[in-house]
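Everything below concerns the one structure shown next.
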Amino acid sequence: MSAIEQPATVPRTLDNPRLLIPVALLALYLIWGSTYLGIRFALESYPPFLLAGVRFLGAGLAMYAFLRLRGIAPPTRRQWRNAAVTGVLLLLGGNGLVCFAEETVSSGIAAVAVASMPLFAAVFSGMYGQWPSRREAVGLLVGFVGVVVLNLGSGLSGSRLGALALIMAAMCWAFGSAWSKRQDMPAGPMNTAAQMLCASVALLLVGFGTGEHLPAHPTLRATAAVVYLAIFGSIVAFSAYLYVLKHARPALATSYAYVNPPVAVLFGVWLAGEHVGTFDLAGMAIILLGVGVITLARQRGARG
């Protein structure tokens, strides 16, 4: 499970995927659902790509240093390369574009749009010979109808660039997840640290290259949001995602797509006074229906 050697006195139940997978999924559902609002608060002072770059640089350095002090071996050259590719796809293409989109799109709607990720994951799996079944194709069609309906709502219709960024973010995350499962990646938590370090460099280059600047006097709420995103959104939840992705079926690993949108919408309405329109709710329902059809089809296929 991990490159960290467990002492003989540690109960095996603490290293049991049957115990850790539900805990990891709960972290994904709640923490990642809240990070959309955290990003919105952080954007009050920090520009999008530098926000993500600072977040992952701090989290990556802290995690990498901790693991090296624990005696964990660094990644090999091949593993660094694979971590760089995956990190750029997941954290620059995925998270960076979400931060960019949330400058013009509410946190709840951003989470709803990103919920289309499993739809793209089903398409990209065909690149490795796992083409969607008939039931999965129905789910894809339903899901993309939901994306269209979502774009008709007030949440995305006012920002076509934001809508495009969110769809691209979902595609990058889906492809990165599918690609990484077939590569030689660093072991355990070192995989998380390596991806965050590599992605942070790319994010900072994009940020400074596009003229972004770090704020001279950030607000307390924005800085607190960055710290929350770095510790919980990056180290805790991203580690949980990579753990579930390694030890469970892809359908289960991406099941957070069911829960993150309503959690994000509730946080946005409750803490930030965001509003969700009829088309937005309808689009969310249709997208989640499509994701559900795909997931059930995969489960039946696995049993059959």
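Start at 1 with the first residue, then count along the sequence. All values derive from a computational prediction rather than experimental measurement.
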Original post:
Hey, mind stepping through Phe49 and Phe100 against side-chain contact (heavy atoms from CB on, under 4.5 Å) and telling me if it holds?
Top reply: CA-CA 7 Å; Phe49 291 106; Phe100 172 78; 4.1 Å; yes

Original post:
What do the steps show when you test Leu203 against Phe56 for side-chain contact (heavy atoms from CB on, under 4.5 Å), and what is the final call?
Top reply: CA-CA 9 Å; Leu203 284 160; Phe56 292 118; 3.7 Å; yes

Original post:
Where do Phe175 and Leu89 land on the side-chain contact (heavy atoms from CB on, under 4.5 Å) test, with the steps shown first?
Top reply: CA-CA 8 Å; Phe175 180 72; Leu89 286 168; 3.6 Å; yes

**OP:** Let me see the working for Ser177 and Leu90 under side-chain contact (heavy atoms from CB on, under 4.5 Å), right down to the final yes or no.
**Re:** CA-CA 8 Å; Ser177 297; Leu90 295 184; 3.7 Å; yes

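The same ILVMFWY cluster, assembled from side-chain heavy atoms under 4.5 Å apart, contains both Leu67 and Leu61. One hydrophobic cluster holds both Leu161 and Val206 under the rule that ILVMFWY side chains link at heavy-atom gaps under 4.5 Å. At a threshold of 4.5 Å between side-chain heavy atoms, the hydrophobic network of Ile, Leu, Val, Met, Phe, Trp and Tyr places Val85 and Leu205 in two separate groups. Neither Tyr36 nor Leu26 shares a network with the other; the hydrophobic side chains, linked directly or stepwise wherever heavy atoms of I, L, V, M, F, W or Y lie under 4.5 Å apart, form separate groups for each. Taking hydrophobic clusters as Ile, Leu, Val, Met, Phe, Trp and Tyr residues chained together by side-chain heavy-atom distances below 4.5 Å, Val201 does not share a cluster with Val226.
The closest side-chain heavy-atom distance from Phe66 to Arg70 is below 4.5 Å. Side chains of Asn95 and Cys99 form a contact here, defined as non-hydrogen atoms less than 4.5 Å apart. Side chains of Ser234 and Met63 form no contact here, defined as non-hydrogen atoms less than 4.5 Å apart. Contact check for Tyr64 versus Met190: side-chain heavy atoms found under the 4.5 Å cut-off. Side-chain contact between Leu28 and Leu25 is present, with heavy atoms from C-beta onward closer than 4.5 Å. Between Arg68 and Pro74 there is a side-chain heavy-atom pair separated by less than 4.5 Å. Residues Thr219 and Phe41 have side chains not in contact (no heavy-atom distance under 4.5 Å, counting atoms from C-beta outward). Contact check for Val105 versus Leu166: side-chain heavy atoms found under the 4.5 Å cut-off.
Side-chain contact, Thr35 with Tyr228: no donor N or O sits under 3.5 Å from an acceptor N or O.
Here the shortest heavy-atom pairing between Ala24 and Val244 reads CB-CG2, 3.5 Å. Considering all non-hydrogen atoms of both residues, Ala169 and Val98 come closest at CB-CG2, 3.9 Å. Nearest heavy atoms, Gly96 versus Ala52: CA-CB, 4.5 Å. Annotation for Thr210 and Gly207: closest pair OG1-O, 3.0 Å, computed over non-hydrogen atoms. Taking all atoms of both residues into account, the shortest heavy-atom contact from Ala194 to Pro75 is CB-CG, 4.2 Å. For the pair Ile286 and Val145, the tightest heavy-atom approach, listed with the atom from each and the gap, is CG2-C, 4.2 Å.
Not a single donor-acceptor pair under 3.5 Å links the side chain of Asn191 to the backbone N or O of Met185. A donor-acceptor distance shorter than 3.5 angstrom exists from the side chain of Trp32 to the backbone of Gly233, with no hydrogens or angles considered. Side-chain N or O atoms of Arg55 include one that pairs as donor or acceptor with a backbone N or O of Leu229 at under 3.5 Å. Judged by distance alone, the side chain of Arg182 and the main-chain N or O of Ala178 form a donor-acceptor pair under 3.5 Å. Distance alone, capped at 3.5 Å, is enough to place a donor-acceptor pair between the Ser200 side chain and the Leu197 backbone. Side chain of Gln183 to main chain of Asn82: no donor-acceptor pair is present (N/O by atom type, distance under 3.5 Å, no hydrogens or angles).
Taking CD1 of Ile39 as the start and CD of Glu103 as the end, the distance is 11.5 Å to the nearest 0.5 Å. Taken from CH2 in Trp80 to CD in Gln195, the straight-line distance is 10.5 Å, to the nearest 0.5 Å. Between atom CZ of residue Phe232 and atom CG of residue Leu30 there is a gap of 12.0 Å, rounded to the nearest 0.5 Å. In this structure, the separation between CG on Leu91 and SG on Cys198 is 10.0 Å, given to the nearest 0.5 Å.
Between Thr192 and the choices Phe238, Tyr243, Tyr241, the side chain to side chain contact (heavy atoms under 4.5 Å, CB included) rule is met once, by Phe238. When each of Leu97, Leu51, Leu43 is paired with Glu102, the side chain to side chain contact (heavy atoms under 4.5 Å, CB included) condition holds for Leu43 and for no other.
Surrounding CZ of Arg81 are more than 12 heavy atoms belonging to other residues, nucleotides or ligands, all under 6.0 Å away.
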